[in-house]
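Reviewing the structure listed below.
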Amino acid sequence: MIYSYCGRSGIQLPKLSMGLWHNFGSVDDFSVASEMVIKAFDAGICHFDLANNYGPVPGSAETNFGRILKNSLGGHRDELFISSKAGHDMWPGVYGTGSSRKNIIASCDQSLRRMGIEYVDVFYSHRYDGVTPVEETMQALIDLVRQGKALYVGISKYPPKEQQLAYSILREANVPCLLSQYRCSMFDPKAKNNNFQIAADNGSGVICFSPLAQGLLTGKYDNGIPADSRAAKDSGFLKTSQVTPERVEAAKKLGTIARDRGQSLAQMALAWVLNDSRVTSLIIGTSSVKQLDDNLTTLDNLSFSDDELASIDAIISDERLWF
């Protein structure tokens, strides 16, 4: 495994972190989930990224991760970097969503109970909700650190203006923002263009999710929409309407470049995100140990020639591809 320092901190994170957004909920095979987590840890992936609402059902990914910790990794807590988040819909009623102090504090307490741990290494505000003052949300995060429930804090998906304000508030309280989490892929460069440099200027590490654009950057949709794909599921985050001819054609062209590099399209897509020096780590989501092994192989070839980058840019500069 390759590790990088996180912003202006002493924390190192693996280039590939494991995300439990999909495939670790109560509807999934627990034995497969456990096998993937243990395999990841054995491969040097020490960072596991969760959120209070990950499942389905919401909360079940944390519950299952807590079972895996208890059954298999209980003696390795100090070798693990565990993150969780709050801010999206979680429980019924007006207090079960958003970025208020009440939601943030209650969510962290619930997450700790589900996972059976005394603290998380980093707790995020999962989103700026557009209503709660940033000052209120950041004070809740600050207090979690001072209460010993989180070692560090982070923000996720904050717009540039609120992002900068969050950094300023946290820095003034001597609880600097360790990590800033944003979606980024060759089909989604908005954060790369608008948020990464703000993070770097403020000493925050950047960690990215959805680097494969929900599977569009795997070649899976080159010949239509498979019945077992995310786009074919009513509950999936990738909609059929998003599998456009332009994106499919672009993925095919990118696949040719990947093959010339000796990689799959998915591996090249991961390497492309990590090629940005401002990115500390990349969150991968896997559904099998084989897929995890394939992702780990990405680390064998992270460099790009100038010609390769130019060829990729010529394809992905088409804004019709962007989410």
Side-chain angles (χ1 to χ4, degrees), residues 2 15-17 19 21-23 157 181-197 206-233 236-279 281-288 290-323:
I2 304 170
K15 283 293 187 184
L16 297 179
S17 298
W21 182 15
H22 302 292
N23 305 314
K157 307 191 296 275
Q181 188 169 134
Y182 285 96
R183 190 174 67 182
C184 182
S185 74
M186 288 190 283
F187 286 174
D188 191 356
K190 292 190 296 295
K192 185 181 182 75
N193 297 336
N194 299 320
N195 302 98
F196 285 14
Q197 193 56 45
V206 172
I207 185 165
C208 299
F209 66 96
S210 293
L212 303 180
Q214 295 295 317
L216 281 170
L217 289 166
T218 63
K220 180 182 292 186
Y221 298 97
D222 284 359
N223 299 301
I225 299 177
D228 62 345
S229 65
R230 288 184 182 177
K233 299 176 181 178
F237 284 87
L238 181 67
K239 306 304 180 186
T240 302
S241 60
Q242 294 174 306
V243 187
T244 63
E246 292 83 6
R247 287 175 178 148
V248 171
E249 185 60 29
K252 290 179 180 178
K253 293 177 181 177
L254 291 167
T256 299
I257 299 173
R259 285 191 293 274
D260 289 342
R261 286 169 49 82
Q263 290 182 313
S264 68
L265 173 55
Q267 289 166 343
M268 186 180 78
L270 299 182
W272 181 87
V273 175
L274 288 172
N275 188 59
D276 191 314
S277 62
R278 299 167 296 186
V279 174
S281 183
L282 180 59
I283 297 170
I284 56 172
T286 60
S287 59
S288 66
K290 181 184 183 305
Q291 191 177 55
L292 174 59
D293 284 333
D294 289 344
N295 287 344
L296 287 167
T297 304
T298 300
L299 300 176
D300 295 338
N301 185 11
L302 293 177
S303 61
F304 289 84
S305 69
D306 290 342
D307 287 345
E308 286 173 335
L309 289 175
S311 296
I312 291 170
D313 286 344
I315 297 169
I316 65 175
S317 60
D318 184 350
E319 296 186 12
R320 292 177 299 172
L321 307 177
W322 300 359
F323 283 93

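Since we're looking at a predicted model, the values are computed, not measured. In what follows, residues are counted from 1 in the order of the sequence shown.
By the 6.0 Å contact criterion, CG on Asn193 is enclosed, its count of non-hydrogen atoms from other residues, nucleotides or ligands being greater than 12.
Between Val248 and Val243 there is a side-chain heavy-atom pair separated by less than 4.5 Å. Counting heavy atoms from C-beta on, the side chains of Ser311 and Phe304 never come closer than 4.5 Å. Considering only heavy atoms from C-beta on, Tyr182 stays 4.5 Å or farther from Lys190 through its side chain. Under the 4.5 Å side-chain criterion, counting only non-hydrogen atoms from C-beta, Phe187 is not in contact with Glu246.
When all heavy atoms are compared, the tightest approach of Gly219 to Leu265 is N-CD2, 3.7 Å. When all heavy atoms are compared, the tightest approach of Leu216 to Ala251 is O-CB, 3.6 Å. Across Lys15 and Val279, no two heavy atoms sit closer than the pair NZ-O, 3.8 Å. Of all heavy-atom pairs between Thr218 and Gly215, the closest is OG1-O, 2.6 Å. When all heavy atoms of Val273 and Pro211 are compared, the pair lying nearest together is CG2-CB, 4.1 Å. The minimum heavy-atom distance linking Ala266 with Leu212 is given by the pair O-CD2, 3.6 Å.
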Which side-chain N or O atoms in residues 316-323 pair as donor and acceptor under 3.5 Å with protein atoms at least two apart or in another chain?
residue: Ser317; atom: OG; partner: Asp313; partner atom: O; Å: 3.2
residue: Ser317; atom: OG; partner: Ala314; partner atom: O; Å: 3.4
residue: Asp318; atom: OD1; partner: Arg320; partner atom: N; Å: 3.0
residue: Asp318; atom: OD1; partner: Arg320; partner atom: NE; Å: 3.2
residue: Asp318; atom: OD2; partner: Arg320; partner atom: NE; Å: 3.1
residue: Asp318; atom: OD2; partner: Arg320; partner atom: NH2; Å: 2.8
residue: Trp322; atom: NE1; partner: Ile316; partner atom: O; Å: 2.8

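Here the NZ-CG distance, from Lys290 to Leu292, works out to 11.0 Å after rounding to the nearest 0.5 Å. The OG atom of Ser185 sits 10.5 Å away from atom CG of Leu270, with the distance rounded to the nearest 0.5 Å. In this structure, the separation between CG on Leu309 and CD1 on Ile257 is 9.5 Å, given to the nearest 0.5 Å. With values rounded to the nearest 0.5 angstrom, Asp294 atom CG is found 7.5 Å from Ser288 atom OG. In this structure, CD on Gln263 lies 8.5 Å from CG on Asp300, to the nearest 0.5 angstrom.
Under the rule for a salt bridge (Lys or Arg N to Asp or Glu O under 4.0 Å), the partners of Lys192 that lie at least two apart in sequence or sit in another chain are Asp276. Annotation: side-chain contact (heavy atoms from CB on, under 4.5 Å) contacts of Ser17 (sequence neighbours excluded): Pro14, His47, Ile207, Ser281, Ile283. Partners of Ser210 by side-chain contact (heavy atoms from CB on, under 4.5 Å), not counting sequence neighbours, listed by chain and number: Trp21, Arg183, Gln214. For Leu302, the side-chain contact (heavy atoms from CB on, under 4.5 Å) test picks out Ile2, Ala271, Leu274, Thr298, Leu299, with sequence neighbours left out.
With Gln291 contributing its side chain and Ser287 its backbone, the two residues share a donor-acceptor pair below 3.5 Å. Between the side chain of Arg247 and the backbone N or O of Gln242, at least one donor-acceptor pair lies under 3.5 Å.
Here salt bridge (Lys or Arg N to Asp or Glu O under 4.0 Å) pairs that include residues 254-269, with residues two or more places apart or in two chains, are Arg261-Glu308.
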